[in-house]
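What follows is one structure encoded as structure tokens, with my remarks underneath.
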Amino acid sequence: MTCKQQRSLEKHLIQEILHFLRLLLEWVKHTPCSGCARDSSASLSPNSSMTTKELQEYWRNEKRQCRQVKLLFEIPSTRIVEHHLSKYVMYKIIILQTGSFDSNKSVIERRYSDFEKLHRNLLEEFNEEMEDVTFPKKTLTGNFTEEIINERKLAFKDYLRLLYSMKYIRRSKKFIDFLTRPELQEAYGCLRGGQYTKALEILLEVIGLQERLTRGNPVSVVPTLCAIVVCHKDLENPASAFEYGEKALSHLRMHSSHRYYIPLLETMITLAYELGKDFLSLQEKLEEWKAKKDPIRVFTLKELAVREYVQ
């Protein structure tokens with residue numbers, strides 16, 4: 001083989017390698033990572049009718065969801081609560097995102113019976129995974145001594161960290177409900193009672209934790225985002241309502257059959273018109289949906305929100 005032929009062959013091989021690397025890079029960019037917390041209902045594929053801008057946004061969201069969020073659990077303090085016929089210890093739980101500042105922390109309180117209920121529920125669904133998980137036992141006396149309380153603080157911290165380390169458990173509804181449901185129930189109770197400021201305060205606290213816990217399934221936070229929209233709207237904060245509405249709508253882009261999609265779209269049209277923003281594109285989406293579906297009774301966004309977490 002002459003030097004000229006060898007150089008030509010080397011050049012060809014380099015071009016082939018570069019082509020392969022480009023294909024590999026495209027595949028890596030567009031393939032969800034194995035660490036994503038996703039369930040089958042959350043798996044999406046780009047729609048052929050999506051615009052270039054929507055496709056770009058879709059892939060940005062895909063890559064963002066693949067960045068695993070790691071949470072740490074701390075129980076720094078407790079308080080003893082006494083009612084007329086009962087007395088119990090409330091454990092203050094701080095949930096931190098690793099590598100983040102204190103502004104990203106969430107603070108909740110739970111009592112022994114809440115942990116006990118979580119443990120029972122998880123045993124029903126994840127008996128095999130929970131086989132080696134120990135739970136602090138009840139004591140007949142001394143439950144309110146400093147020694148017992150401190151022991152349980154450490155035990156519950158280790159318990160939560162262990163549960164979170166198991167992917168099927170940390171993605172489960174039962175685990176997520178333990179960390180968010182009491183606050184959401186309180187918030188929706190305030191909303192139903194017209195206490196929009198109080199409801200909004202709680203919802204804004206819990207939405208950050210909800211988003212971190214359900215990173216691979218963003219549709220699950222849509223009801224909370226829509227409740228925030230309702231509160232802002234009733235408190236006459238249209239700009240803030242529109243901001244959270246846009247976020248909720250972005251999660252529903254591939255879920256036009258979702259029960260919140262049309263009520264949210266109708267609310268966003270009203271807000272966009274009020275704020276002098278483009279409402280025609282939203283109106284087009286609404287008309288497009290109506291053309292495909294039979295006329296049905298659609299609840300307003302507020303009517304949907306007040307139906308959530310009714311005990």
query: Are Leu179 and Leu123 connected, step by step, through hydrophobic side chains (Ile, Leu, Val, Met, Phe, Trp, Tyr) whose heavy atoms are closer than 4.5 Å?
result: yes
message: If we count only N and O atoms by modelled type, under 3.5 Å, do the side chains of Arg171 and Asn217 hold a donor and an acceptor together?
response: no
field: Partner of Ile169 by side-chain contact (heavy atoms from CB on, under 4.5 Å), out of Val133, Leu163, Leu162
entry: Leu163
- request: Decide if atom CD of Glu146 counts as having more than 12 heavy atoms of other residues, nucleotides or ligands within a radius under 6.0 Å.
  value: no
message: salt bridge (charged side-chain N to carboxylate O under 4.0 Å, His left out), that's the test. Do Glu74 and Lys153 meet it? Break it down for me.
response: CA-CA 9 Å; Glu74 300 290 342; Lys153 272 169 54 179; over 6 Å; no
message: Quick check on the hydrophobic clustering: are Leu200 and Ile202 connected, directly or via other members, by side-chain heavy-atom contacts under 4.5 Å?
response: no
query: Quick one: are the ring centres of Phe135 and Tyr112 less than 6.0 Å apart?
result: yes
Identified ring pair (Phe, Tyr, Trp, His ring centres under 6.0 Å) counterpart of His119 within the set Phe178, Phe126, Tyr159: Tyr159
task: Please round to the nearest 0.5 Å and tell me the distance separating atom CG of Leu72 and atom CG of Leu96.
output: 6.5 Å
message: Donor-acceptor check, side chain of Asn121 to backbone of Leu118, threshold 3.5 angstrom: yes or no?
response: no
message: Against Tyr261, only a single residue in Leu286, Val222, Leu252 fulfils side-chain contact (heavy atoms from CB on, under 4.5 Å); can you say which?
response: Leu252
message: When you compare the side chain of Thr224 with that of Glu211, does any pair of heavy atoms fall below 4.5 Å?
response: no
- request: Measure the shortest side-chain to side-chain distance between His258 and His251 over non-hydrogen atoms and say whether it is less than 4.5 angstrom.
  value: no
- request: List the steps and the verdict of side chain to side chain contact (heavy atoms under 4.5 Å, CB included) for Cys226 and Leu304.
  value: CA-CA 9 Å; Cys226 288; Leu304 273 183; over 6 Å; no
query: Where the side chain of Arg79 meets the backbone of Met90, is there a donor-acceptor pair that is under 3.5 Å apart?
result: no
query: Under 6.0 Å from the six-membered ring centre of Tyr164 and within 45° of its axis: does the NZ or CZ of Arg170 meet both?
result: yes
- request: Can you measure from NZ (Lys292) to OG (Ser257) and round to the nearest 0.5 angstrom?
  value: 11.0 Å
message: For Arg110, is there an ion pair with Glu183 - N to carboxylate O distance below 4.0 angstrom?
response: yes
- prompt: In terms of hydrophobic clustering (I, L, V, M, F, W, Y; side-chain heavy atoms under 4.5 Å; direct or indirect links), are Leu160 and Ile176 co-clustered?
  reply: yes
query: Does Lys92 NZ have over 12 foreign heavy atoms under 6.0 Å away?
result: no
- prompt: CG/Leu209 to CD1/Ile95 distance, rounded to the nearest 0.5 angstrom?
  reply: 4.5 Å
query: Would the number of heavy atoms belonging to other residues, nucleotides or ligands and lying under 6.0 Å from OH of Tyr273 be above 12?
result: no
- prompt: Does the side chain of Thr78 pick up a donor-acceptor pair with the side chain of Arg152 at under 3.5 Å?
  reply: no
- prompt: Does any pair with a residue in residues 197-221 pass ring pair (Phe, Tyr, Trp, His ring centres under 6.0 Å), and if so which ones, sequence neighbours excluded?
  reply: none
task: Answer yes or no: is there an ion pair linking Glu274 with Lys233, defined by an N-O contact shorter than 4.0 Å?
output: no
field: Check: Phe115 ring centroid to Phe156 ring centroid under 6.0 Å
entry: yes
query: Quick one: do Leu271 and Leu235 end up in the same hydrophobic cluster if we chain Ile, Leu, Val, Met, Phe, Trp and Tyr together by side-chain heavy atoms under 4.5 Å apart?
result: yes
Glu205 CD: over 12 foreign heavy atoms closer than 6.0 Å: no
query: According to a 4.5 Å side-chain heavy-atom criterion applied to Ile, Leu, Val, Met, Phe, Trp and Tyr, with indirect links allowed, do Trp289 and Ile269 form part of one hydrophobic cluster?
result: yes
- prompt: Do any pairs count as a salt bridge (Lys or Arg N to Asp or Glu O under 4.0 Å) and have a residue in residues 299-309, sequence neighbours left out, and if so which ones?
  reply: Asp234-Lys302, Arg259-Glu308, Arg297-Glu303
